[in-house]
Amino acid sequence: MYSWEGVTEFVAVSETGSFTNAAQRLGISVAQVSRQVSALESRLATKLFYRTTRKVTVTEAGQLYYQHCRQVLDGLEEAERTLTNMQRTPRGQLKITAPTTYGENQIAPLLNNFMCDYPDLHLECHFTNQKVDLIDNGYDLAIRLGKLEDSSLMAKRLASRRQFVCASPNYLAANGEPHLLSELEQHNCLRGTLEYWRFQENRQERNIKVSGNIHCNSGQALTDAALKGLGLVQLPDYYIQPYLEAGSLIAVLQNYQQSDEGIWALYPHNRHLSPKVRMLVDYLADNLSQTKQQKAGKSI
């Protein structure tokens, strides 16, 4: 029979970064934490921490051991949650952040539908284009768009988005349609927050610097400018899809179109998803994917 003595203390020290913090989390003495970890190291014949008077650092062997121990403990916690919450309706607080426009137009209606099904939940939602710190600000979930930066956050892909370069028929009639990326310098390109547009050429990503007489951090404002014939614009499908379908905007340079980008749900690493958060993530994934499939069935 495998002995679990010291494992809980080891995991607590690994996650809190000190024996003192681990002792506070577990409600035991620092001396007891130290004894249990030392006994575990002796049993494994492996050094799990580098200890100095100023800090505690996990060794390479300790990091590997921690990953396996965390998985096992997560499994035990999940088993307990499954039994405890089997007959319960989701309740309590959910704190979520999402990009402003996408959150208002795409996420908020789904959140409201979810709340109709589970009125015992208390939802706190913050729409912002700033990358807030989930752990420091106590968020359960963040919605992020496009390529993800390397981080300690866990991610689940909910859906995808596609970028289009487009313009109104009037603009193209007056200025011509670009067929090569090099022709963009001859056009008035309505810019968002970036100085470049992203393309794919010969299976390689290319960033093309563009310029124009409008620079705005609002996708809706840029869509309106494009509809009024002021220039070319590059925007995700959820801004312009209806106008592409109606012919109010015409997609160009589609041979250089990037592959679909992800729409993601992010949550802190080592924070096991509670049933209510997992239910919401699954709900968003199901409904955002259905919306995408419905749009894909229409011609552009």
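Model, not experiment: these values are computed from the prediction. Only this structure's heavy atoms are used, side chains among them; waters, hydrogens and symmetry mates stay out.
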* To do: Using the salt bridge (charged side-chain N to carboxylate O under 4.0 Å, His left out) rule, take Arg278 and Asp282 through it: C-alpha gap first, then chi angles, then the decisive distance, then the call.
  => CA-CA 6 Å; Arg278 175 172 295 173; Asp282 292 342; 5.7 Å; no
Quick check: does any side chain N or O of [X] sit under 3.5 Å from a backbone N or O of [Y], one acting as donor and the other as acceptor?
{"X": "Thr97", "Y": "Ala142", "result": "no"}
{"X": "Asp237", "Y": "Phe164", "result": "no"}
{"X": "His126", "Y": "Ala98", "result": "no"}
{"X": "Thr46", "Y": "Leu44", "result": "yes"}
{"X": "Lys55", "Y": "Gly17", "result": "no"}
{"X": "Ser160", "Y": "Asp260", "result": "no"}

* **Listed partners of Tyr239 passing ring pair (Phe, Tyr, Trp, His ring centres under 6.0 Å), at least two apart** => none
Can you see which heavy atom on [X] is nearest to which on [Y], and at what distance?
{"X": "Thr128", "Y": "Thr100", "value": "CA-OG1, 3.4 Å"}
{"X": "Gly212", "Y": "Asn188", "value": "CA-OD1, 3.0 Å"}
{"X": "Glu201", "Y": "Arg206", "value": "OE1-NH1, 2.6 Å"}
{"X": "Leu123", "Y": "Met115", "value": "CB-SD, 3.8 Å"}
{"X": "Ile240", "Y": "Leu235", "value": "CD1-O, 3.8 Å"}
{"X": "Leu172", "Y": "Pro178", "value": "CD2-CD, 4.3 Å"}

Sub-4.5 Å side-chain heavy-atom contact between [X] and [Y]:
{"X": "Thr57", "Y": "Thr52", "value": "no"}
{"X": "Leu288", "Y": "Ile107", "value": "yes"}
{"X": "Ile96", "Y": "Asp140", "value": "no"}
{"X": "Tyr118", "Y": "Met279", "value": "yes"}
{"X": "Val281", "Y": "Leu141", "value": "yes"}
{"X": "Leu26", "Y": "Gln32", "value": "no"}
{"X": "Asn129", "Y": "Pro99", "value": "yes"}
{"X": "Ile143", "Y": "Trp264", "value": "no"}

Suppose we screen for side chain to side chain contact (heavy atoms under 4.5 Å, CB included). Which residues come up paired with [X], at least two apart in sequence or across chains?
{"X": "Arg198", "answer": "Arg161, Gln163, Tyr196, Asn207, Gln258, Glu261"}
{"X": "Lys131", "answer": "Arg144, Glu149"}
{"X": "Ser182", "answer": "Leu180"}
{"X": "Asn255", "answer": "none"}

Could you state whether [X] and [Y] fall into the same hydrophobic cluster, counting links through intermediate Ile, Leu, Val, Met, Phe, Trp or Tyr residues with side-chain heavy atoms under 4.5 angstrom apart?
{"X": "Val30", "Y": "Leu40", "result": "yes"}
{"X": "Tyr66", "Y": "Val72", "result": "yes"}
{"X": "Leu230", "Y": "Leu249", "result": "yes"}
{"X": "Phe127", "Y": "Val132", "result": "no"}
{"X": "Leu280", "Y": "Tyr102", "result": "yes"}

* Do the rings of Phe10 and Tyr65 sit parallel, tilted or perpendicular, given the 30° and 60° boundaries? -> tilted
* Tell me, please, which residues at least two apart from Thr16 pass side chain to side chain donor-acceptor pair (under 3.5 Å). => none
Neighbour count >12 (heavy atoms, 6.0 Å) for atom [atom1], [X]:
{"X": "Lys156", "atom1": "NZ", "value": "no"}
{"X": "Tyr243", "atom1": "OH", "value": "no"}
{"X": "Lys209", "atom1": "NZ", "value": "no"}
{"X": "Gln186", "atom1": "CD", "value": "yes"}

Taking only residues two or more places apart in sequence or in another chain, which ones pass salt bridge (Lys or Arg N to Asp or Glu O under 4.0 Å) with [X]?
{"X": "Arg157", "value": "none"}
{"X": "Arg51", "value": "Glu41"}
{"X": "Glu205", "value": "Lys147"}

Any chance you could measure [X], atom [atom1], to [Y], atom [atom2], to the nearest 0.5 Å?
{"X": "Asn21", "Y": "Glu15", "atom1": "CG", "atom2": "CD", "value": "12.0 Å"}
{"X": "Leu244", "Y": "Cys166", "atom1": "CG", "atom2": "SG", "value": "5.5 Å"}
{"X": "Asp74", "Y": "Cys69", "atom1": "CG", "atom2": "SG", "value": "11.0 Å"}
{"X": "Leu190", "Y": "Gln234", "atom1": "CG", "atom2": "CD", "value": "12.0 Å"}
{"X": "Leu181", "Y": "Tyr256", "atom1": "CG", "atom2": "OH", "value": "5.0 Å"}
{"X": "Phe49", "Y": "Gln63", "atom1": "CZ", "atom2": "CD", "value": "10.5 Å"}

* To do: Not counting sequence neighbours, list each pair that qualifies as a ring pair (Phe, Tyr, Trp, His ring centres under 6.0 Å) and has a residue in residues 170-194.
  => Tyr171-His187
* **Salt bridge flag under 4.0 Å for residues Glu77 and Arg70** => yes
* Is Leu64 isolated, or which residues cluster with it under the ILVMFWY side-chain rule of less than 4.5 Å, directly or via members? -> none
* **Step-by-step side chain to side chain contact (heavy atoms under 4.5 Å, CB included) determination, Leu184 to Leu253** => CA-CA 10 Å; Leu184 284 174; Leu253 297 172; 3.8 Å; yes
Show the atom names and distances, to 0.1 Å, of all donor-acceptor pairs under 3.5 Å that link a side chain in residues 216-224 to residues at least two apart or in another chain.
residue, atom, partner, partner atom, Å
Ser218, OG, Gln220, N, 3.4
Ser218, OG, Ala221, N, 3.1
Thr223, OG1, Gly219, O, 2.8
Asp224, OD2, Lys228, NZ, 3.0

* To do: Show your working on side chain to side chain contact (heavy atoms under 4.5 Å, CB included) between Leu284 and Phe114 and close with a plain yes or no.
  => CA-CA 9 Å; Leu284 293 175; Phe114 191 76; over 6 Å; no
